[in-house]
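Have a look at the structure below before the remarks.
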Amino acid sequence: MKPSFRQKFRYWFDNLMSRGTPAMIGMLFVLSLAVVFVAGAIISITGFVQEGQSERIPFGEAAWESLMRTLDSGTMGGDTGTGYRVVMLLVTLGGIFVVSALIGVLNNAIEGQMDRLRKGRSQVLETNHTLVLGWSAQIFTVLNELMVANENQSNARIVVLADKDKVEMEDEIRERVEFKGKTRIICRNGSPIDPNDIEITSPHDAKAIIILPPENEDPDTDVIKTALAVTNNPARRAEPYHIITQIRHAKNMAVLKLVGEKDKVQAILTGDLIARVVAQTSRQSGLSMVYTELMNFGGDEIYFKHEPALVGKTFGEALLAFEDSCVMGVRKTDGTILLSPPMDSRLEKDDQIFALSADDDTIRISPTSGLAQINNALIHSNRQPLKPKPEKCLILGWNRSGTTIVHELDNYVPKGSQVTVVADIYNIEKQIRAQGGKLKNQKLVVMEGETTDRDLLNKLGVEEYDHVIVLAYSTMEPQEADAKTLVTLLHLRDMAEKDETPFSIVSEMLDLRNRELAEATQVDDFIVSEHLVSLMMSQLSENGELFDVFTDVFDPEGAEIYLKPISDYVSLGEAVNFYTVVEAARRRGETALGYRLEKEAGEAGKSYGVHTNPKKSEAVVFTSDDKVIVIAEN
């Protein structure tokens with residue numbers, strides 16, 4: 001059946017309206033011109049004039065007068081003459097209709113544009129920015145650290161893409177991120193695993209891309225998909241991308257390397273990292289704070305520098321060459337990282353040192369010799385270490401890192417030690433046996449129980465243990481798990497205060513916001529797992545060269561960071577400068593990074609007494625409870 005004219009017109013009109021705001025504005029413009037020209041033609045042809053006028057009005061003038069009444073309805077108030085008034089009344093009514101419709105169309109267009117902007121779907125035109133893909137509790141630590149890192153830059157930009165409402169993201173960031181300098185944070189809404197959504201963030205112009213894993217049961221899958229969406233984009237750039245992320249399961253590392261084989265993909269194996277830190281910190285109070293100081297941007301940071309004046313010198317001599325920096329190791333010409341190499345190893349022409357310093361330009365050789373400021377009389381001889389005694393460790397609570405922690409502890413403790421695990425979870429012993437087989441140095445005892453129960457803690461005889469580790473339950477919501485941890489900590493602190501030989505306490509927190517509550521329990525060692533990983537990711541996004549340094553620092557093989565009794569190195573009760581401490585450590589083949597003062601151990605504002613990279617010429621009076629922070633083999 002052939003469509004009627006009415007159907008054709010309606011079909012044409014529907015298509016026109018579907019073209020959006022420009023089409024509707026154009027239609028109203030044509031309609032208003034039609035009204036103006038028709039009215040002008042009627043007045044010109046019929047000879048309608050106002051009272052007192054005798055000459056016929058030309059078409060151009062009539063059209064102009066019609067246009068004025070279309071735009072301003074009040075103009076017709078002074079019109080006279082019956083015919084003229086009728087025509088102008090119709091023109092004015094038509095103008096009211098057109099203008100009203102135009103206002104409505106423009107209003108809808110503006111509201112639509114505002115909605116699009118609110119959704120965060122507009123293209124980002126930044127270059128050399130840091131791109132964060134994904135959203136989790138970690139993002140606030142990452143953004144805060146990047147704010148500090150870029151505080152002195154005039155045009156730093158951070159772009160965030162997440163499957164979350166743009167306004168909500170901006171509100172949360174405004175509440176929990178301290179804005180510094182001129183750094184801007186730009187939020188966009190989209191899926192981090194969708195290449196089309198990633199495109200709006202200008203990933204090909206980003207200097208670094210941080211992929212945050214989602215808070216679900218299998219975050220590795222989403223991380224791999226996101227990396228794939230970036231590296232295999234048809235519009236990808238020729239240069240390698242610098243991608244920083246984290247992986248929960250070691251088996252997924254190989255897959256991620258395949259995805260980014262053409263790019264610089266730096267992935268942190270979170271489970272092993274946190275487990276290793278917890279295991280080490282449980283035996284060395286204050287170590288978690290040392291790691292935090294090494295990885296945040298708030299104090300001194302690790303920098304690389306080629307220093308021609310050190311060529312031909314030994315590493316031991318380089319340790320004493322700087323007043324305001326602590327040399328940690330050497331990067332050879334081929335990129336190999338040597339953390340605290342042998343003291344007699346010599347620096348070659350293209351070698352670089354890496355050191356703790358306030359900034360890269362503060363790594364300056366001291367004009368005065370460090371050797372001249374060493375007080376040899378205060379240095380103790382290389383005492384033979386005492387034979388280690390078997391240790392007892394108590395683990396309260398359980399999560400996916402628990403089995404790794406138990407096996408890590410087994411690598412550090414002497415034979416005859418014992419580890420006791422108490423948690424309200426089944427099959428813990430089976431999990432431990434399945435992951436790494438039989439323990440070599442520890443006897444394993446597993447008990448089921450509620451870790452917040454004071455009666456249970458009393459029955460366990462907590463005071464008889466050397467170390468207590470409180471793990472956050474991964475089977476609970478973060479806030480619920482942290483609340484349980486805090487209650488356990490309060491009981492433990494009360495018991496430790498009544499113990500003549502207090503045990504060390506290390507706790508794991510899931511949410512950084514609960515850190516202040518943990519401080520209220522006076523526990524100086526607590527690991528905010530996601531916080532520590534976030535700090536490392538932030539550092540790597542600014543300087544990817546640090547990846548090998550951090551890998552070496554946390555590698556159980558080779559040199560590691562230890563806190564050792566200061567009395568084994570220098571005399572107590574006398575003023576001694578850090579040059580002397582560095583020399584005392586050097587004679588043992590160790591690299592000194594700082595010290596920890598026991599009198600400040602309870603003061604959060606003083607980093608719980610941890611002083612990394614102190615000014616070497618400043619004198620300190622140490623007590624028997626103070627520690628020296630060193631990089632050593634054992």
Side-chain angles (χ1 to χ4, degrees), residues 137 141 270-271 273-293 391-406 408-409 419-425 428 449-454 456-457 460 462-463 465-497 499 502-535 563 596 601-604 607-610:
T141 299
T270 54
L273 173 66
I274 298 305
R276 196 169 295 131
V277 171
V278 170
Q280 293 178 8
T281 303
S282 68
R283 304 180 67 250
Q284 302 184 76
S285 180
L287 184 58
S288 66
M289 205 62 224
V290 175
Y291 285 144
T292 302
E293 288 292 305
E391 300 175 10
K392 291 183 68 178
C393 179
L394 174 63
I395 299 178
L396 300 173
W398 196 251
N399 58 36
R400 64 180 69 91
S401 300
T403 53
T404 308
I405 291 172
V406 171
E408 282 293 327
L409 283 171
V419 57
T420 302
V421 181
V422 181
D424 54 358
I425 292 179
I428 290 179
E450 176 54 60
T451 55
T452 58
D453 185 351
R454 180 62 177 260
L456 174 62
L457 296 177
L460 287 171
V462 176
E463 298 86 351
Y465 288 87
D466 300 297
H467 320 294
V468 178
I469 300 172
V470 184
L471 295 181
Y473 286 92
S474 57
T475 54
M476 299 179 179
E477 289 295 320
Q479 293 303 322
E480 183 183 357
D482 283 353
K484 202 165 187 173
T485 300
L486 288 168
V487 171
T488 305
L489 286 177
L490 288 169
H491 289 313
L492 291 173
R493 175 51 57 191
D494 182 56
M495 297 170 79
E497 288 177 351
D499 187 11
F503 47 86
S504 66
I505 306 172
V506 176
S507 64
E508 182 187 22
M509 307 297 291
L510 298 181
D511 194 326
L512 180 62
R513 288 172 291 183
N514 294 320
R515 177 172 179 162
E516 292 182 5
L517 297 176
E519 290 170 355
T521 67
Q522 300 178 25
V523 178
D524 55 354
D525 269 317
F526 49 89
I527 313 295
V528 184
S529 16
E530 303 294 353
H531 179 63
L532 198 62
V533 175
S534 302
L535 290 178
L563 283 83
R596 190 193 192 202
E603 300 182 46
S607 299
Y608 301 99
V610 170

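Basis for what follows: all heavy atoms, side chains included, without hydrogens, waters or symmetry-related copies. Everything numeric here is computed off the predicted structure, so don't read it as measured data.
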Any side-chain heavy-atom pair from [X] and [Y] closer than 4.5 angstrom?
X	Y	result
Gln284	Val290	no
Ile505	Arg493	yes
Val278	Ser401	no
Val470	Thr451	no
Met495	Arg454	yes
Leu273	Val277	yes

Can you name the residues that form a side-chain hydrogen bond (donor to acceptor under 3.5 Å, both in side chains) with Asp424, not counting sequence neighbours? Tyr473, Lys484

Indicate the atoms forming the closest heavy-atom contact of [X] with [Y], along with that distance.
X	Y	value
Ser607	Met289	O-CG, 3.3 Å
His467	Ser282	ND1-O, 3.0 Å
Ser507	Thr485	CB-CG2, 4.2 Å
Ile428	Ala423	CD1-CB, 3.8 Å

Measure the [atom1]-[atom2] distance between [X] and [Y] for me, rounded to the nearest 0.5 Å.
X	Y	atom1	atom2	result
Cys393	Leu409	SG	CG	5.0 Å
Asp482	Glu508	CG	CD	8.5 Å
Glu463	Leu394	CD	CG	11.0 Å
Arg400	Ile274	CZ	CD1	11.5 Å

Examine distances only and state if a side-chain atom of Arg596 and a backbone atom of Tyr608 form a donor-acceptor pair shorter than 3.5 Å. yes

Hydrogens and angles aside, do Thr281 and Tyr291 bring a side-chain donor and acceptor to less than 3.5 Å of each other? no

Side chain to side chain contact (heavy atoms under 4.5 Å, CB included), that's the test. Do Tyr465 and Val419 meet it? Break it down for me. CA-CA 9 Å; Tyr465 288 87; Val419 57; over 6 Å; no

Run the numbers on Leu471 and Ile405 for side chain to side chain contact (heavy atoms under 4.5 Å, CB included), then give the verdict. CA-CA 10 Å; Leu471 295 181; Ile405 291 172; 3.6 Å; yes

If you count heavy atoms of other groups shown closer than 6.0 angstrom to CD of Glu450, is the number above 12? yes

Identify which one of Ile469, Val462, Leu489, Leu460 satisfies the side chain to side chain contact (heavy atoms under 4.5 Å, CB included) criterion when paired with Leu396. Leu460

